[in-house]
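Below is one structure, written out as structure tokens, with a few remarks after it.
Note that these values count all heavy atoms, side chains included, but never hydrogens, waters or copies made by symmetry. Labels below follow one simple rule: chain letters A, B, ... track the order of the sequence lines, proteins then strands, and each chain is numbered from 1.
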Amino acid sequence: MNAQIRLRFAPSPTGNPHIGNVRTAIFAWLFARKRGGSFLIRVEDTDQSRRTEGAVEAMLDSLRWVGIDWDEGPDVGGPLAPYTQSERLDLYRSETRRLIDSGRAYPCFCSPERLADVRRAQQMRGDETIGYDRHCLDMTRAQQDACRARGVQPVVRFRMPDEGVSVMEDIVFGHLEFENRLYDDFVALKSDGFPTYHLASVVDDHHMGISHVTRAKEWMPSVPRHVQLYAALGWDMPAFAHLPVILAPDRSKLSKRHGAASVMDYRDMGVLPEALMNYLSLLGWSLDGKTEILTPEELIAAFDLDRVSRSDAVFDFDKLMWLNGQHLRRSSDTRLARAIDKFWKDAPPQFDVTPDARAAARIAPLVRNRLKTLQDAAPLVKFFFSEDLHVDAEQLVQRGMDAERTTALLQSAHDALAQLDTFDAESIESLLRPLAADLGVKVGQLLGSLRVATTAQKVSPPMFESLEALGPERTLESIRKAIAKLSSAAGSPK
RNA sequence: GGCCCGUUCGUCUAGCGGCCAAGGACACCGCCCUCUCAAGGCGGAGAUCACGGGUUCGAAUCCCGUACGGGCUACCA
């Protein structure tokens, strides 16, 4: 393992695991794995008011499902535990102390109201910069103590330089440069003793030995804050890669109202985890503009942060569906059977007979080319799990046929099929094709009637294979029932 | 308002000064294959590379400006 390479995914547990979050995690994970480094998860729960029950577990479940694993994290621990920021408050406090002692940070007792007033006044005046006015910067020790005595809990602000520029060479965006004077003294430690994102992420990334920071590009404007924080703390900066965002088709931020936005929605839809990972990896990254279908292993081998795109990408549901179909088709029979079995166990389809693993294995080869998602399997093979088919007599009669000829046709097929020694697709085919010719009907007419007779569906997997799956007994019985249905229908007025 | 980022077919993208009168993929259309539905194969339509100036023998590719879109400007991340 390459000890130098360490990446982290740092979700804040504020809601359901969003597709965009997971894409960010995938990029970090792919890069860490590609370079033989470590990947860890750190929970950024520094906003008490936004904590959501169960959000961490949901996040971890989503990551696990999509195929991501981690070497260190809140659930598995690790040498640098804890991996949850709310449990690392002492660390942030002591680093803040260092900042204050070196004159790079100071307590601020301003009330939210005063802050709002200052901002409002700046806006009215049309000031170039809007931000904190350093009201508390030069407070004496005595003044500070007086405030504390009044019960005012201060925040700690980081002192930004008045001049100079903060520079970063971003892996995906290249040279980034910001004027320090445009930035105000931001809050590093909140009055409740929790750090802000800026302080916490810098402190943790350093103490956790993070070599490459990957994060959404909306953090780019905060770069100078982080650059200055690293400098003030006397630390080297990790490499940074800001990532473009995933958008909804209307180019707004992706959310529930655009349909499935959480990873689990796709699982429930019957999307394969490797297909989701593949699709998400292609949003903002490409190998060569030609290769699109990649397994997780291939993604790891091919991925690199320097090929990440700079512009945002619109989520294309249709393409995900297509890609899922590709992965489904490339799965081995056993893999596909297991996926279908699992999917049906989690969400049992409306069948007479409860499908088991054997049955799933039986039908998997029949449906593989007909699936976009695992959901698509059930309607195609409903007949296989039915005890009583509801055959529509009218549908039995194919184009250019009538009830009488159809009856004869089915009877011939039945009798011929009954004579078969080996009831497999190949034998059935070499029996039925000549039979159609002998009977003077098209193969399509014969198979069409047989299809309705044995599946009660107008659309089904290929007949020969379907009959083999059904077996001789069920096949012959269905045909007999269909013939009976046909004669009774003929006897009754329409 | 200020700062920052982005802009190649409807969408995802290739392209990193000449190989591009722009390639691949999804979606769309047509044909072929075919027992239905698919899958697959072949082909088509679809981008004056946001716009305007430069630089250069030569620009989608470099520079400047404009427009449009987005982000940040919180004791949220």
Exercise. Flag this pair as yes if the NZ/CZ of A:R23 is under 6.0 angstrom from the six-membered ring centre of A:F27 and inside a 45 degree cone about the axis; otherwise no.
Key: yes

Practice problem: Report which part of the nucleic acid A:R368 touches: base, sugar-phosphate, or nothing (heavy-atom distance under 4.0 Å, all strands). | Solution: nothing

Quiz item: At under 4.0 Å between heavy atoms, what does A:T14 touch on the DNA or RNA strands: base, sugar-phosphate, or nothing?
Solution: nothing

Quiz item: So which nucleotide from B:G10, B:G70, B:C37 ends up closest to the side chain of A:D312?
Solution: B:G70

Self-check item: Within 6.0 Å of CD in A:E426, more than 12 heavy atoms from elsewhere
Solution: no

Exercise. Take the protein atom CG of A:L243 and the nucleotide atom C1' of B:G70, then report the distance between them rounded to whole Å.
Key: 16 Å

Quiz item: Looking at the side chain of A:R329, which of B:G2, B:A39, B:A14 is the nearest nucleotide?
Solution: B:A39

Quiz item: Base, sugar-phosphate alone, or nothing: which one does A:F178 contact when heavy atoms must sit under 4.0 Å apart?
Solution: sugar-phosphate

Practice problem: For nucleotides B:C28 and B:A21, find the distance between their C1' atoms and express it as a whole number of Å. | Solution: 25 Å

Quiz item: Any chance NE2 of A:H135 has more than 12 other-residue heavy atoms, nucleotides or ligands included, within less than 6.0 Å?
Solution: no

Practice problem: For B:C35, take OP1 and OP2 only and decide whether either is under 4.0 Å from a side-chain N or O of A:R433. | Solution: yes

Quiz item: So what does A:Q122 hit on the nucleic acid, given a heavy-atom distance under 4.0 Å: a base, only sugar-phosphate, or nothing?
Solution: nothing

Practice problem: Would you mind telling me which residue lines up with the more 5' stretch of RNA chain B, A:K372 or A:S222, judged by nearest nucleotide? | Solution: A:K372

Quiz item: B:U73 C1' sits how many Å from A:D127 CG, rounded?
Solution: 13 Å

Quiz item: Whom does B:C19 pair with, Watson-Crick or G-U wobble, provided both distances fall under 3.5 Å?
Solution: none

Quiz item: What nucleotide among B:C3, B:C72, B:U13 has an atom nearest to a side-chain atom of A:Y183?
Solution: B:C3

Exercise. Give one of base, sugar-phosphate or nothing for A:R125, where a contact means two heavy atoms less than 4.0 Å apart.
Key: nothing

Quiz item: Given that A:Q123 and A:V187 both sit by RNA chain B, which one's nearest nucleotide is further toward the 5' end?
Solution: A:Q123

Quiz item: Would you say A:R251 reaches B:C12's phosphate, i.e. side-chain N/O to OP1/OP2 under 4.0 Å?
Solution: yes

Quiz item: If you look at every strand shown and take non-hydrogen atoms under 4.0 Å, does A:S191 touch a base, only sugar-phosphate, or nothing?
Solution: base

Exercise. Check the distance between B:C75's C1' and A:D185's CG and give it to me in whole angstrom.
Key: 14 Å

Quiz item: How is A:E292 classified with respect to the nucleic acid when contacts are heavy atoms under 4.0 Å: base, sugar-phosphate, or nothing?
Solution: base

Quiz item: Which nucleotide sits closest to the side chain of A:P462: B:A39, B:G10, B:U36?
Solution: B:U36

Quiz item: Which of these, A:R159, A:R134, A:R157, sits in a salt bridge (charged side-chain N to carboxylate O under 4.0 Å, His left out) with A:D185?
Solution: A:R134

Quiz item: Between B:A47 and B:G10, how far is it from one C1' atom to the other, in whole Å?
Solution: 11 Å

Quiz item: For A:Q457 and B:A38, is the shortest distance between a side-chain N/O and OP1 or OP2 below 4.0 Å?
Solution: no

Practice problem: Look at all strands and tell whether A:S12 reaches a base, only sugar-phosphate, or nothing, counting heavy atoms closer than 4.0 Å. | Solution: sugar-phosphate

Quiz item: C1' atom, B:U7 versus B:C12: distance in rounded Å?
Solution: 15 Å

Quiz item: Of A:F186, A:Y230, A:Y197, which meets side chain to side chain contact (heavy atoms under 4.5 Å, CB included) against A:R225?
Solution: A:F186

Quiz item: Does B:C42 have a Watson-Crick or wobble partner in any strand here, with both distances under 3.5 angstrom, and which is it?
Solution: B:G30

Quiz item: Can you find a donor-acceptor N/O pair under 3.5 angstrom joining the side chain of A:R310 to the base of B:C5?
Solution: no

Quiz item: Can you tell me how far P of B:C75 sits from CD of A:Q85, to the nearest Å?
Solution: 18 Å

Exercise. For the pair A:S286 (side chain) and A:L282 (backbone), establish whether a donor and an acceptor sit closer than 3.5 Å, ignoring hydrogens and angles.
Key: no

Practice problem: From the options B:A77, B:A27, B:C37, select the nucleotide whose nearest atom is closest to the side chain of A:V459. | Solution: B:C37

Exercise. Examine B:G71: is either OP1 or OP2 under 4.0 Å from a nitrogen or oxygen in the side chain of A:K253? Give yes or no.
Key: no

Exercise. Remember a base hit wins even if backbone is also touched, and classify A:I130 as base, sugar-phosphate or nothing at under 4.0 Å, heavy atoms.
Key: base

Practice problem: Taking only the side-chain heavy atoms of A:D318 (C-beta and beyond), determine which of B:U7, B:C75, B:A27 contains the nearest atom. | Solution: B:A27

Quiz item: Given side chains that start at C-beta, do those of A:I171 and A:H242 come closer than 4.5 Å, heavy atoms only?
Solution: no

Quiz item: Between B:C26, B:C35, B:C3, which one does the side chain of A:F464 approach most closely?
Solution: B:C35

Quiz item: Under 4.0 Å between a side-chain N/O of A:R157 and OP1 or OP2 of B:C75, yes or no?
Solution: yes

Exercise. Ignoring the backbone of A:K319, work out which of B:U13, B:A77, B:A25 is nearest its side chain.
Key: B:A25

Self-check item: Euclidean distance for P, B:C16 against B:C63 (whole angstrom)
Solution: 16 Å

Quiz item: Do the side-chain N or O atoms of A:R119 get closer than 4.0 angstrom to the phosphate oxygens (OP1, OP2) of B:A74?
Solution: yes

Quiz item: Nearest to the side chain of A:K217 - B:C5, B:C3, B:C72?
Solution: B:C5

Practice problem: Indicate, with a heavy-atom threshold strictly under 4.0 Å, whether A:G444 touches base, sugar-phosphate, or nothing. | Solution: sugar-phosphate

Practice problem: Among the candidates B:C75, B:G10, B:C37, find the nucleotide nearest to the side-chain atoms of A:P112. | Solution: B:C75

Quiz item: Would one find more than 12 heavy atoms of other residues, nucleotides or ligands at under 6.0 Å from atom NZ of A:K190?
Solution: yes

Quiz item: Base, sugar-phosphate, or nothing: which does A:P244 touch, judged by heavy atoms less than 4.0 Å apart?
Solution: nothing

Quiz item: Reckon A:M220 touches a base, only the sugar-phosphate, or nothing at all at heavy-atom distances under 4.0 Å?
Solution: sugar-phosphate

Exercise. Report the base-pairing partner of B:A67 (Watson-Crick or G-U wobble, both distances below 3.5 angstrom), or none.
Key: B:U7

Exercise. Tell me what A:R307 touches on the nucleic acid: a base, only sugar-phosphate, or nothing, going by heavy atoms under 4.0 Å.
Key: sugar-phosphate

Self-check item: Interatomic distance, A:D170 CG vs B:G6 P [rounded to whole Å]
Solution: 10 Å

Quiz item: Should A:T46 be listed as having a side-chain N or O under 4.0 Å from OP1 or OP2 of B:A77?
Solution: yes

Quiz prompt | Check against side-chain contact (heavy atoms from CB on, under 4.5 Å), A:L439 and A:R405 | solution = CA-CA 10 Å; A:L439 266 29; A:R405 289 183 66 201; over 6 Å; no

Quiz item: How long is the line joining NE2 of A:H242 and P of B:G6, in whole Å?
Solution: 13 Å

Quiz item: Base, sugar-phosphate, or nothing: which does A:G284 touch, judged by heavy atoms less than 4.0 Å apart?
Solution: sugar-phosphate

